[in-house]
Amino acid sequence: MRILVTGGAGFIGSEFVRGLLARGSDRVTVLDALTYSGNTANLAPVAGHAGYSFVAGDIRDAGTVDRVMPGHDVVVHFAAESHVDRSIDGAGPFVSTNVLGTQVLLDAVLKHGVGRFVHISTDEVYGSIDKGEWSEDQILAPSSPYSASKAASDLLALAYHRTHGMDVVVTRCSNNYGPHQYAEKLIPLFVTRLLEGKRVPLYGDGANVREWLHVEDHCRGIERVMRDGRPGGVYHIGGGRELTNRELVGMLLDACGARWDSVERVADRKGHDRRYALSIDKIRDELGYAPRIPFEEGLARTVAWYRDNRDWWQPGGGPPGATAGGTEAGSPAGTEAVIGG
Ligand code: NAD
């Protein structure tokens, strides 16, 4: 299969590409604009693979997308502005990349008759839930400009299925963690700061609940949906560990050999969702999916990766061969960029 992966130089997209090429005979083209969170070093392990090619380009650029699209059987669409706090500071790039960029891709898929469009969405499109869990037919009620732009693109993709009969599948996943995640999201931000002996910021009362799934488990779920999901289907990918931010921070302090006096309480995020929770009955029953990596094991591996790969994230480090995004990826965010997915 010839697979076009947008955003394949980012955290989750690069895991997906490395996994596909390590396992099988698929051919993969990565299309990525190498924004601050894209880093070609994430793709270094597959750079010499015969089935791999990389195009530096923007999904909003219809000309580039039109040139890259022909010959592919599937598009797996990860490319996005992905950090909630940045969307609160300015929603423009989120609407532009996440909504308009998705529309450009969908039009090119339609034009070139590409077989399938896999849209990578998020649990955040539902808003917040105090008790119980969401099923896939829950109405979307996003809270942040990030999640609203993801909800818009998610619904746009499904509309191309209904209107044009396009083979679209949508995955909605909970918070991911693992190696190669830009150090602005909770786990890599805290780990990199604690490893440097710095203080870390905790939003509000720390009682917000998130469900944490290892990125390898997420990518296995995406692959199951890509190969066997029903056209027009929406699939949750979750089943990770539910933790309050306070509980998670306690585990991160232990893992990094730090104490609670390293934690600084900061004002809560505006519009901060209290809890997300996905039912994974559908993907389990239809596609036989279940996560495999226990949280304690995945977290220990993740902390070890950041400890062993300081040149990936430390300022001025920048791994050999990294191009755009490499230097930026070496800069852990300041204390203003904090928690949540
Ligand atoms: P990331 O920020 O690490 O990677 C995003 C990638 O997209 C980067 O390589 C970036 O260069 C690229 N990109 C951004 N704008 C682009 C554009 N205009 N054109 C081409 N490339 C562009 O994000 P991530 O955490 O890997 O998330 C990937 C996808 O998964 C996103 O769609 C996100 O909404 C979704 N998701 C993430 C999580 C999570 O916990 N991280 C959970 C559920 C869903």
Side-chain angles (χ1 to χ4, degrees), residues 4-17 29-43 54-62 64-65 68 75-87 92-105 118-126 142 144-154 157 170-189 210-215 217-219 221-222 235-238 240 276 278 322-326 328-329 333 337 339-341:
L4 176 62
V5 177
T6 72
F11 165 48
I12 306 171
S14 68
E15 171 63 41
F16 187 70
V17 171
T29 308
V30 171
L31 173 63
D32 197 297
L34 296 173
T35 67
Y36 74 94
S37 67
N39 187 342
T40 53
N42 295 341
L43 294 163
F54 182 86
V55 178
D58 195 311
I59 58 166
R60 295 168 293 186
D61 177 352
T64 298
V65 170
V68 174
V75 174
V76 185
H77 177 35
F78 293 92
E81 290 291 338
S82 68
H83 191 39
V84 174
D85 289 326
R86 288 179 189 260
S87 80
F94 288 76
V95 175
S96 173
T97 283
N98 300 1
V99 186
L100 296 176
T102 301
Q103 172 248 311
V104 168
L105 289 169
V118 184
H119 182 75
I120 309 305
S121 189
T122 164
D123 58 1
E124 302 194 27
V125 296
Y126 297 119
S144 70
Y146 161 69
S147 53
S149 69
K150 291 297 292 184
S153 57
D154 175 323
V170 172
T171 62
R172 297 181 185 145
C173 189
S174 53
N175 273 27
N176 283 217
Y177 71 99
H180 301 273
Q181 187 173 27
Y182 184 73
E184 65 184 352
K185 309 265 171 73
L186 192 160
I187 289 181
L189 175 70
R210 296 292 182 267
E211 184 193 303
W212 294 95
L213 187 72
H214 195 278
V215 65
D217 277 330
H218 184 192
C219 289
I222 294 169
Y235 294 87
H236 288 168
I237 305 177
Y276 306 128
L278 296 175
T323 56
E328 279 279 340
I339 281 180

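The figures that follow rest on heavy atoms only: side chains count, while hydrogens, waters and symmetry mates do not. Note that ligands are numbered from 1 as they come in the structure, with each ligand's atoms numbered from 1 the same way.
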| query | Counting heavy atoms only, which part of Arg60 comes closer than 4.0 Å to ligand 1: side chain, backbone, both or neither? | reply | side chain

| said: Please report whether ligand 1 has a polar contact with Ile59, defined as an N or O pair separated by less than 3.5 Å (distance criterion only). | reply: yes

| task | Output yes when a side-chain donor or acceptor of Asn98 lies under 3.5 Å from a complementary backbone atom of Ser149, and no otherwise. | result | no

| Which atoms of ligand 1 sit under 4.0 Å from any heavy atom of Ser174? | 42 (C), 43 (C)

| field | Contacts of Asp123 that satisfy salt bridge (Lys or Arg N to Asp or Glu O under 4.0 Å) - sequence neighbours left out | value | none

| About how many Å separate CD1 of Ile12 and CD of Glu15, when rounded to the nearest 0.5 Å? | 9.5 Å

| query | Which of the atoms in ligand 1, numbered in the order shown and given with their element, are less than 4.0 Å from a heavy-atom of Phe11? | reply | 3 (O), 25 (O), 26 (O)

| field | Polar side-chain atom of Thr97 near backbone of Phe94 as donor-acceptor pair, under 3.5 Å | value | no

| For ligand 1, which atoms sit closer than 4.0 Å to a heavy atom of Asn175? | 40 (O)

| task | Could you pull out, from Ile12, Thr102, Asp61, the option with a heavy atom nearest to atom 39 (C) of ligand 1? | result | Ile12

| task | Report the part of Arg172 in contact with ligand 1, treating N, CA, C, O as backbone and CB onward as side chain, heavy atoms under 4.0 Å; options are side chain, backbone, both, neither. | result | neither

| Distance filter under 4.0 Å to Gly38 heavy atoms, resulting ligand 1 atoms | 8 (C), 9 (O), 11 (O)

| note | Rounded to the nearest 0.5 angstrom, the CG-NE2 distance for Leu105 and His77 is 5.0 Å

| message | Whether Arg210 engages the ring of Tyr177 as a cation-pi pair (distance to the six-membered ring centre under 6.0 angstrom, angle to the ring normal within 45°) should be assessed. | response | no

| task | Look at atom 18 (N) of ligand 1 and find which of Thr35, Asp58, Val55 reaches it with the closest heavy atom. | result | Asp58

| note | ligand 1 atoms nearer than 4.0 angstrom to some heavy atom of Lys150 are 31 (C), 32 (O), 33 (C), 34 (O)

| request: Measure the spacing between CZ of Phe78 and OG1 of Thr171 and express it to the nearest 0.5 Å. | output: 7.5 Å

| Stepwise side chain to side chain contact (heavy atoms under 4.5 Å, CB included) test for Tyr146 and Thr122 | CA-CA 10 Å; Tyr146 161 69; Thr122 164; 3.8 Å; yes

| task | Starting at CD of Gln181, measure out to OG of Ser14 and round the result to the nearest 0.5 Å. | result | 10.5 Å

| query | Of the backbone atoms (N, CA, C, O) and the side-chain heavy atoms from C-beta on, which set of Ser96 has a member under 4.0 Å from an atom of ligand 1: side chain, backbone, both, or neither? | reply | neither

| Are Ser121 and ligand 1 in contact, using a heavy-atom cut-off of under 4.0 Å? | yes

| said: Can you tell me if Gly8 contacts ligand 1 (heavy atom of the residue under 4.0 Å from the ligand)? | reply: no

| query | Just heavy atoms, cut-off under 4.0 Å: does Ala33 contact ligand 1 by side chain, backbone, both, or neither? | reply | both

| query | So between Ala80, Ser37, Ala79, whose heavy atom ends up nearest atom 14 (C) of ligand 1? | reply | Ala80

| Those atoms of ligand 1 less than 4.0 Å from some heavy atom in Ser82 | 1 (P), 2 (O), 23 (O)

| request: Under the side chain to side chain contact (heavy atoms under 4.5 Å, CB included) rule, what do Glu184 and Tyr36 come out as? Steps first, then yes or no, please. | output: CA-CA 11 Å; Glu184 65 184 352; Tyr36 74 94; 2.7 Å; yes

| request: Run the numbers for me: atoms of ligand 1, each under 4.0 Å from some heavy atom of Cys173, listed by number. | output: 43 (C)

| query | Which is it for Leu34 and ligand 1 at heavy atoms under 4.0 Å: side chain, backbone, both or neither? | reply | backbone

| note | Checking heavy atoms under 4.0 Å, the part of Tyr146 that sits near ligand 1 is side chain

| ring-ring contact (aromatic ring centres under 6.0 Å, His included) partners for Tyr126, two or more places apart | Trp134, His236

| Under 3.5 Å: donor-acceptor pair, side chain of Ser147, backbone of Val125 | no

| With a 4.0 Å cut-off on heavy atoms, is Phe78 touching ligand 1? | yes

| request: Say whether Gly57 and ligand 1 are in contact under the criterion: heavy-atom distance to a ligand atom below 4.0 Å. | output: yes

